[in-house]
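For ligands, and for the atoms within them, numbers begin at 1 and follow the listed sequence. When reading the values below, keep in mind they use all heavy atoms of this one structure, side chains included, and skip hydrogens, waters and symmetry mates.
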Amino acid sequence: MARRKLIAGNWKMNGNLAALRELADIQAAAVAHPAVDVAICPPFTLIAPAVAAQPALAIGAQDCHEKVSGAHTGNVSAAMLKEAGAKLVIVGHSERRADQGESDALVQAKASAAVNAGLLAIVCVGETEAQRDAGQAIAIVTGQVRGSVPAGSTAAQLVVAYEPVWAIGTGRTPTVQDVADMHAAIRATLNDLLGAEGPGVRILYGGSVKPDNARELLAVADVDGALVGGASLTAAQFVPIIEGGAAVS
Ligand code: PEP
């Protein structure tokens with residue numbers, strides 16, 4: 001099954017209006033490499049200005065609330081993101097699972113809300129270092145997939161991002177073999193959960209993807225793109241990752 005690679009940037013709580021000037025070169029790279037999908041997920045406050053700055057670039061969010069509206073001070077619904085011009089939203093990032101105590105069930109509800117609002121949901125999963133050391137990585141991650149992916153999701157609505165917690169922001173990455181083994185296990189789980197839609201769901205790798213390792217990671221079987229944190233903040237770092245994706249597409 002042919003799956004287009006997706007290179008998505010997660011700016012986390014970084015960036016300001018001035019940083020949006022990076023988007024021009026990122027969008028130029030997206031145009032230059034039409035076989036690859038490109039997206040940037042800035043903080044909430046920069047979504048509408050980012051869309052205004054680069055209307056053809058897919059802009060996303062880093063979280064959404066599971067409800068459509070209501071008394072949820074400080075939260076933002078998927079419908080609000082859609083109205084602001086977002087095309088996608090990351091849910092279940094390990095920083096939110098750790099800092100906000102988000103459970104698989106909550107992540108699943110957020111992914112459903114995203115899909116119902118017409119957004120592409122990027123559902124993040126990943127093991128801690130202690131879990132990997134204990135030989136539990138595949139069981140933990142496939143369990144997260146089972147608990148976090150909404151039943152009945154289609155390949156057009158859902159992306160899964162495998163992000164080992166210990167690889168995020170550390171400069172460390174799993175071996176290519178470990179990435180291949182995990183992505184194969186996630187693929188089998190998606191096939192089991194989603195039937196005929198499973199083979200079409202893209203599975204991204206995330207965790208210290210940089211210009212110098214992107215091509216090798218993106219060439220691994222069942223690695224359908226990358227979720228990139230630190231290296232997505234500048235076009236100088238992010239564009240070579242897009243180019244790496246194009247080279248192996
Ligand atoms: C992330 O937080 O999604 C991430 C992958 O970060 P980094 O690329 O900085 O490790």
Side-chain angles (χ1 to χ4, degrees), residues 5-15 19 22 26 29 36-44 46-47 50 58-64 86-102 107 110-111 114 119-129 131-132 137 140-141 144-145 148 158-176 178-179 182-183 186 202-218 220 222-245:
K5 294 224 190 289
L6 169 62
I7 311 296
N10 171 15
W11 280 12
K12 310 194 187 193
M13 199 170 71
N14 297 296
E22 299 294 325
I26 291 170
V36 177
D37 292 336
V38 177
I40 290 287
C41 301
F44 288 134
L46 293 177
I47 291 173
I59 301 298
Q62 301 168 19
D63 181 46
C64 66
K87 299 280 194 301
L88 64 151
V89 58
I90 298 166
V91 292
H93 191 283
S94 62
E95 287 156 12
R96 293 200 62 86
R97 288 179 185 260
D99 298 351
Q100 274 76 32
E102 294 193 0
V107 173
K110 289 181 175 207
L119 299 174
L120 177 71
I122 300 183
V123 173
C124 298
V125 294
E127 82 285 358
T128 64
E129 187 160 31
Q131 289 165 338
R132 176 158 287 274
I140 292 287
V141 169
Q144 289 175 332
V145 172
S148 306
L158 174 75
V159 171
V160 171
Y162 167 56
E163 299 203 299
V165 176
W166 52 272
I168 293 178
T170 61
R172 298 166 57 202
T173 55
T175 65
V176 162
D178 284 342
V179 172
M182 185 62 79
H183 281 236
I186 294 172
R202 290 178 287 186
I203 307 172
L204 312 185
Y205 169 77
S208 296
V209 177
K210 305 290 179 198
D212 61 357
N213 63 14
R215 189 169 167 162
E216 182 183 35
L217 289 164
L218 288 163
V220 175
D222 274 308
V223 173
D224 305 312
L227 184 53
V228 184
S232 70
L233 291 170
T234 63
Q237 293 252 297
F238 196 54
V239 167
I241 296 173
I242 297 169
E243 291 167 349

Quick one: nearest non-hydrogen protein atom to [atom], plus distance?
atom                   : answer
atom 8 (O) of ligand 1 : G229 N, 2.8 Å
atom 2 (O) of ligand 1 : K12 NZ, 2.5 Å
atom 9 (O) of ligand 1 : G230 N, 2.9 Å

- Task: State, with a plain yes or no, whether a side-chain heavy atom of I40 is found less than 4.5 Å away from one of E22.
- Result: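 The answer is no; the side chains never approach within 4.5 Å.
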- For the pair Y205 and H183, name the ring-plane relationship: parallel under 30°, tilted 30 to 60°, perpendicular over 60°.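 Plane angle between 30° and 60°, so tilted.
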- Please identify which atoms of ligand 1 are closer than 4.0 Å to at least one heavy atom of G207.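 So the atoms of ligand 1 that pass are 5 (C), 10 (O).
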- Under 4.0 Å from a heavy atom of N10: give me the atoms of ligand 1 that qualify, with their elements.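 Answer for ligand 1: 2 (O), 3 (O).
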- Task: Apply side chain to side chain donor-acceptor pair (under 3.5 Å) to Q237 and T234, showing your working.
- Result: CA-CA 6 Å; Q237 293 252 297; T234 63; 5.3 Å; no
Is there at least one pair of N or O atoms, one from [X] and one from ligand 1, spaced under 3.5 Å apart?
X    : answer
L227 : no
S208 : yes
G206 : no

- Item | Exercise: identify the closest heavy-atom pair between V38 and A58 |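 Smallest interatomic distance, heavy atoms only, reads O-CB, 3.5 Å.
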- Between E163, K210, E95, flag the one that comes closest to atom 3 (O) of ligand 1 by a heavy atom.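 The residue whose heavy atom sits nearest atom 3 (O) of ligand 1 is E163.
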- Query: Any Lys/Arg nitrogen of E163 or R97 sitting under 4.0 Å from an Asp/Glu carboxylate oxygen of the other?
  - Reply: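 Result for this pair is no, no salt bridge flagged.
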- Can you check whether V141's main-chain N or O pairs, donor with acceptor, with E127's side chain at less than 3.5 Å?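 Looks like no, no N/O pair under 3.5 Å.
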- Task: Ignoring hydrogens and angles, tell me if any N or O in the side chain of K5 forms a donor-acceptor pair with the backbone of V223 under 3.5 Å.
- Result: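 Side chain of K5 to backbone of V223, a donor-acceptor pair under 3.5 Å: yes, one is there.
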- Message: Does only the side chain of I168 get under 4.0 Å from ligand 1, or the backbone, or both, or neither? Count heavy atoms.
- Response: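 Near ligand 1, I168 shows its backbone as well as its side chain.
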